[in-house]
S.K.: 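I have a structure I would like to understand better, so I am pasting it below and will then ask my questions one at a time.
Just so it is clear: chains get the letters A, B, ... in the order the sequence lines come, proteins before strands, and each one is counted from 1. Scope of the values below: all heavy atoms of this structure, side chains included, with no hydrogens, waters or symmetry mates.
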Number of protein chains: 2
Amino acid sequence: MSKKLEQPTQTLKTPRGRRPNGNGLSSTTIMDVAREAGVSYATVSRVVNNKEYVKSDTRERVLKAITSLGYVVNQQARSLAGGRSYAVGLLVRDLGSSYMGEIVRGIDESLSAAQYNLMLYTTHRRKIKERIYVNNLIQGMTDGLLLVLPENLEAYLETLDQTNFPYVLIDHQGLDERTPVVITTNWQGGYDATRYLIELGHRRIGFLTGMMDMRSSQDRLSGYQAALRDHGLPADPQLVYEGTYYQPEGYAGAQSLLRLPEPPTAIFASNDVMAFGVMEAVRDAGLRIPSDISVIGFDDIAQASQVAPPLTTVAQPLEQLGREAVRMLLARINNPEQPIARTILPTTLIIRQSCDVPRNV
Amino acid sequence: MSKKLEQPTQTLKTPRGRRPNGNGLSSTTIMDVAREAGVSYATVSRVVNNKEYVKSDTRERVLKAITSLGYVVNQQARSLAGGRSYAVGLLVRDLGSSYMGEIVRGIDESLSAAQYNLMLYTTHRRKIKERIYVNNLIQGMTDGLLLVLPENLEAYLETLDQTNFPYVLIDHQGLDERTPVVITTNWQGGYDATRYLIELGHRRIGFLTGMMDMRSSQDRLSGYQAALRDHGLPADPQLVYEGTYYQPEGYAGAQSLLRLPEPPTAIFASNDVMAFGVMEAVRDAGLRIPSDISVIGFDDIAQASQVAPPLTTVAQPLEQLGREAVRMLLARINNPEQPIARTILPTTLIIRQSCDVPRNV
DNA sequence: TTTATTCTTGCAAACGCTTACAGAAATGAT
DNA sequence: ATCATTTCTGTAAGCGTTTGCAAGAATAAA
């Protein structure tokens with residue numbers, strides 16, 4: 001190849017002091033690629049961003065230069081110039097539960113497929129933090145926001161809406177019907193599990209609620225109550241124990257239910273973790289699962305199939321919840337006119353071995 | 001206040017089209033603050049960055065303008081100009097285990113205290129991803145990198161070192177003694193737990209290893225072996241079962257150990273999750289814990305104290321691991337000359353109720 | 001061939017900030 | 001009061017991109 005490409009006369013002001021990249025190496029820029037490929041930096045930008053109006057052999061030449069130089073676009077600069085940061089913020093309470101783990105897995109899989117970065121913020125249940133984070137995030141750091149089980153929506157949802165900043169709530173109903181959310185059929189899940197127990201022959205079914213300030217907990221409870229009603233069974237308030245979604249509360253709740261003068265023959269816990277507590281309490285009371293007491297959970301976290309006996313439970317498509325939320329968010333980012341949507345994903349009853357027909361039927 | 005401050009003649013070129021902030025609102029910039037406070041934007045920058053040489057009443061005036069306008073610095077611009085992004089990257093395999101949860105908690109607590117942002121990357125054990133992420137991250141996105149249990153170090157550690165990019169490994173030994181790491185005393189933990197069992201009177205102690213390609217697993221095993229040796233006990237290879245750190249493997253391992261012609265009287269699992277599997281298997285074999293078989297774990301995750309009986313285990317200061325890593329990383333970021341350090345945090349034996357003297361002594 | 005269109009490409013400005021540099025103001029020493 | 005310092009503040013350049021605009025190249029239409 002002897003056909004020398006003449007260097008375009010680009011404004012090559014001598015840099016003030018070639019500031020190295022924060023660390024040692026001063027990185028290759030769009031300019032370097034342009035020089036290497038013998039085009040202007042604007043063209044390189046067009047190639048990088050897959051814009052139309054680039055001759056295909058020019059494009060190839062640039063692409064080759066990019067790989068040979070190992071060029072990686074500088075997101076900060078891109079964001080500054082173009083108004084896109086290619087990052088989304090994720091606000092969660094806490095990590096470390098498989099509930100979160102699965103949701104986050106769905107989120108970051110979809111996000112990385114779309115070449116987006118993830119900024120993580122954990123509130124550790126400090127409500128004030130939510131607002132602080134949100135304020136920083138919408139200030140250009142990210143293009144959108146994903147909120148898993150937010151606790152303090154009132155503090156910033158209005159701000160988000162006013163600035164028309166893209167966001168999606170996960171596993172939270174939102175403040176009204178105009179909030180974009182991804183949720184599951186909690187009511188139906190509660191209903192299905194209860195009906196299953198009823199159809200097995202159970203007449204007294206204990207219920208352990210989650211935190212009752214969460215809409216999902218309320219829905220599971222009403223699903224349970226509706227199923228009882230539909231099958232002509234009384235809704236004995238003694239059978240409903242108010243829990244918190246944590247394991248010890250499952251243990252305590254089961255103990256309290258078992259001590260009842262007329263104890264239940266089945267216990268429905270509003271999540272798997274509490275169901276594990278229930279199983280322990282049942283065992284400690286010298287009873288067997290499922291022959292003496294049936295136990296059913298909610299969520300279908302990975303452990304549910306690993307305990308003994310494997311737990312019958314209502315599966316929530318957690319990973320899908322995350323994926324769906326990302327899909328909605330990106331749609332909204334790419335087209336702000338996009339009408340806001342609410343996605344409701346179905347729960348499924350997973351029948352394993354923790355339930356059986358009641359003993360004394 | 002009638003003392004009108006004359007407007008400094010700042011280059012106020014008419015903007016090309018007042019690009020709104022990606023969303024609706026065009027955000028307040030350093031310029032707006034400058035105008036409001038009647039100073040130049042450089043001064044505002046000095047105030048924001050807490051630089052010296054600003055008269056205190058000027059500083060106050062600027063501060064007031066900042067709050068009244070609700071100004072938030074644009075990180076991308078700051079990063080572009082100054083070479084600091086105030087973000088660190090966190091590379092993990094997976095979320096959703098309480099092991100990770102606790103480490104991440106420590107990390108993001110320290111990080112947010114230092115006003116740093118966290119970019120999260122999960123590899124889901126796809127080794128290729130590690131390198132891709134690392135390459136992007138060091139390209140200006142972040143000021144430093146935290147790697148929890150990396151699996152593919154060889155692929156990029158050299159790059160990191162060459163560019164002198166700040167990073168710290170968590171719970172990984174690194175390739176040589178010159179890698180900055182935060183680890184725990186795995187060997188000692190293995191030793192302590194084993195010695196405890198020996199001192200209770202156990203002579204045949206089963207051991208379930210973790211994934212043996214991890215140095216921590218090897219260390220726990222050698223701690224176990226050393227304790228046996230130091231107490232004059234034989235190291236029966238039949239008593240060592242190679243596991244994976246996952247619960248089903250704990251179940252399987254315990255089953256296999258219990259089927260031995262001369263089964264152990266105690267089982268030491270290399271992590272708590274496997275220990276839970278062990279407990280299940282022991283129970284399913286019709287044996288009691290701790291009267292028939294003692295069980296001991298490693299990690300001290302939250303659940304360890306909640307199972308029945310509460311699990312005796314070797315606590316790793318996971319949250320502290322995270323905090324320490326951040327401390328080291330920020331030190332390195334703020335002073336690249338900082339000599340690389342290796343921090344070793346102590347494990348502690350937590351005695352609960354899953355161990356007892358052996359039955360047939 | 002000439003002219004009108006449609007493609008390609010380069011130039012320059014702008015994104016919001018940091019920081020070197022230099023001039024102005026204030027302070028201290030003489 | 002004068003000069004040397006020191007403290008304070010403003011100007012300008014530059015960080016690495018994106019993108020409107022306009023000019024040149026290629027193609028289609030006449």
Side-chain angles (χ1 to χ4, degrees), chain A residues 7-22 26-34 37-59 61-62 71-86 139-141, chain B residues 5-22 26-34 37-59 61-62 71-86 139-141:
Chain A
Q7 291 292 346
T9 47
Q10 277 163 202
T11 13
L12 281 178
K13 314 154 191 171
T14 22
R16 190 185 4 146
R18 203 65 189 123
R19 189 219 47 189
N21 184 23
S26 52
S27 42
T28 54
T29 74
I30 208 177
M31 293 290 229
D32 302 322
V33 177
V39 296
S40 78
Y41 54 87
T43 301
V44 176
S45 172
R46 288 189 192 101
V47 171
V48 169
N49 291 287
N50 252 305
K51 300 249 163 148
E52 49 188 357
Y53 296 143
V54 179
K55 229 184 354 196
S56 63
D57 64 324
T58 310
R59 186 182 297 273
R61 199 145 32 92
V62 172
Y71 166 77
V72 176
V73 31
N74 178 318
Q75 289 294 357
Q76 350 265 344
R78 164 183 280 191
S79 153
L80 234 205
R84 271 286 189 88
S85 67
Y86 292 93
Q139 198 63 31
M141 286 245 66
Chain B
L5 298 151
E6 40 265 75
Q7 291 293 347
T9 46
Q10 278 162 202
T11 13
L12 282 177
K13 314 154 191 171
T14 23
R16 187 184 8 144
R18 201 64 189 123
R19 188 219 46 191
N21 184 21
S26 52
S27 44
T28 54
T29 75
I30 208 177
M31 292 289 229
D32 302 321
V33 176
V39 297
S40 78
Y41 54 85
T43 300
V44 176
S45 172
R46 287 190 193 100
V47 171
V48 170
N49 292 287
N50 253 305
K51 300 250 161 147
E52 49 188 357
Y53 296 143
V54 179
K55 231 192 338 207
S56 64
D57 65 324
T58 310
R59 187 182 296 274
R61 201 143 31 92
V62 172
Y71 167 77
V72 177
V73 27
N74 178 320
Q75 289 293 358
Q76 349 265 344
R78 165 184 280 191
S79 152
L80 194 53
R84 271 286 187 88
S85 68
Y86 291 95
Q139 196 64 30
M141 284 245 65

S.K.: C:dG16, C:dG10, D:dA12: which one has an atom nearest the side-chain heavy atoms of B:T29?
M.R.: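 Of the options given, the side chain of B:T29 lies nearest C:dG16.
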
S.K.: Between C:dA12 atom P and A:Y41 atom OH, what is the distance in whole Å?
M.R.: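 Between P of C:dA12 and OH of A:Y41: 8 Å.
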
S.K.: What does the inter-axis angle of the helix from C:dT1-D:dA30 to C:dT30-D:dA1 come out as, five pairs per end, nearest 10 degrees?
M.R.: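 About 30° separates the two local helix axes.
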
S.K.: Categorize B:T43 for me: base, sugar-phosphate, or nothing, with a 4.0 angstrom heavy-atom threshold over every strand shown.
M.R.: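 Contact class for B:T43: sugar-phosphate only.
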
S.K.: Quick one: B:R84 CZ to C:dG16 C1', roughly how many Å, whole number?
M.R.: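 My rounded result for the distance is 19 Å.
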
S.K.: Quick one: B:L80 CG to C:dC15 C1', roughly how many Å, whole number?
M.R.: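 Roughly 9 Å, once rounded to whole Å.
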
S.K.: Show the nearest heavy-atom pair for residues A:V54 and A:T43, with the distance to one decimal.
M.R.: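 In this case the closest contact between A:V54 and A:T43 is CG1-CG2, 4.4 Å.
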
S.K.: What distance do B:I30 atom CD1 and B:Y41 atom OH have between them, rounded to the nearest 0.5 Å?
M.R.: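 Reported value, rounded in 0.5 Å steps: 9.0 Å.
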
S.K.: Identify the two heavy atoms, one from B:R59 and one from B:K51, that lie closest to each other, and give their separation to 0.1 Å.
M.R.: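 Nearest pair, atom of B:R59 first, then B:K51: NH2-O, 2.8 Å.
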
S.K.: Taking the minimum atom-to-atom distance to the side chain of B:R46, which one of C:dT18, D:dT11, D:dG16 wins?
M.R.: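 Taking heavy atoms from C-beta onward, the closest nucleotide is D:dT11.
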
S.K.: Could you state the atom-to-atom distance from CG of A:N74 to P of C:dG16 in whole Å?
M.R.: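 Distance check: A:N74 CG to C:dG16 P gives 16 Å.
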
S.K.: Counting only side-chain N and O atoms of A:S40, is one of them less than 4.0 Å from OP1 or OP2 of C:dC11?
M.R.: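 Result: no.
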
S.K.: Counting heavy atoms from C-beta on, name the nucleotide in C:dC15, D:dC15, C:dT19 closest to the side chain of B:A81.
M.R.: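 Ranking C:dC15, D:dC15, C:dT19 by closest atom to the B:A81 side chain puts D:dC15 first.
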
S.K.: Just jot down the side chain to side chain donor-acceptor pair (under 3.5 Å) partners of B:R46, sequence neighbours excluded, or say none.
M.R.: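 Counting only residues at least two positions away or on another chain, B:R46 forms no side chain to side chain donor-acceptor pair (under 3.5 Å).
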
S.K.: Just how far, in rounded Å, is C1' of D:dC15 from CD1 of A:I30?
M.R.: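 Computing the A:I30:CD1 to D:dC15:C1' distance gives 13 Å.
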
S.K.: Got a sec? Which of residues 48-55 of chain B come in under 4.0 Å of DNA chain D, heavy atoms?
M.R.: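 B:Y53, B:V54, B:K55, in order of number.
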
S.K.: A:V73 side chain: which of C:dT18, D:dT17, D:dC15 is closest?
M.R.: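 Side chain of A:V73 sits closest to D:dT17.
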
S.K.: Are A:T58 and A:V39 side-chain neighbours, meaning at least one heavy-atom pair lies under 4.5 Å?
M.R.: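 They are in side-chain contact.
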
S.K.: Within less than 4.0 Å of OP1 or OP2 of D:dT17, is there a side-chain N or O belonging to A:S79?
M.R.: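 The answer is no; no side-chain N or O of A:S79 sits under 4.0 Å from OP1 or OP2.
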
S.K.: Would you name the heavy atoms of B:T28 and B:Y71 that are closest together and state the gap between them?
M.R.: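 Reported closest heavy-atom pair: O-CD1, 3.4 Å.
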
S.K.: State which residues pass side chain to side chain donor-acceptor pair (under 3.5 Å) with A:R78; sequence neighbours excluded, sorted by chain then number.
M.R.: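 Here the qualifying residues are A:N49.
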
S.K.: Mind calculating the distance between CD (B:Q75) and C1' (D:dC15) to the nearest angstrom?
M.R.: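 These atoms are roughly 15 Å apart.
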
S.K.: Compare side-chain N and O positions of A:S45 against OP1 and OP2 of D:dG16 and report whether any pair is under 4.0 Å apart.
M.R.: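 Answer is no, no contact under 4.0 Å.
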
S.K.: Rounded at 0.5 Å granularity, tell me how far CE in A:M141 sits from CD in A:Q76.
M.R.: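 Going from CE on A:M141 over to CD on A:Q76, the span is 7.5 Å.
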
S.K.: Does D:dT17 have OP1 or OP2 under 4.0 Å away from a side-chain N or O of A:Y71?
M.R.: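 Yes, A:Y71 has a side-chain N/O under 4.0 Å of OP1/OP2 on D:dT17.
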
S.K.: Please state how far atom CG in B:D32 lies from atom C1' in C:dC17, giving the value in whole angstrom units.
M.R.: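 In whole Å, C:dC17 C1' lies 13 Å from B:D32 CG.
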
S.K.: With sequence neighbours left out, write down each residue that passes ring-ring contact (aromatic ring centres under 6.0 Å, His included) with B:Y86, or none if nothing qualifies.
M.R.: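 So B:Y86 forms a ring-ring contact (aromatic ring centres under 6.0 Å, His included) with B:Y116.
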
S.K.: As an exercise, state the distance from CG of B:L80 to OG of A:S79, rounded to the nearest 0.5 Å.
M.R.: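 Here the interatomic distance stands at 9.5 Å.
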
S.K.: Which residue, A:D57 or B:R78, contacts DNA chain C at a nucleotide closer to its 5' end, judged by nearest heavy atom?
M.R.: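 Here A:D57 is the residue nearer the 5' end.
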
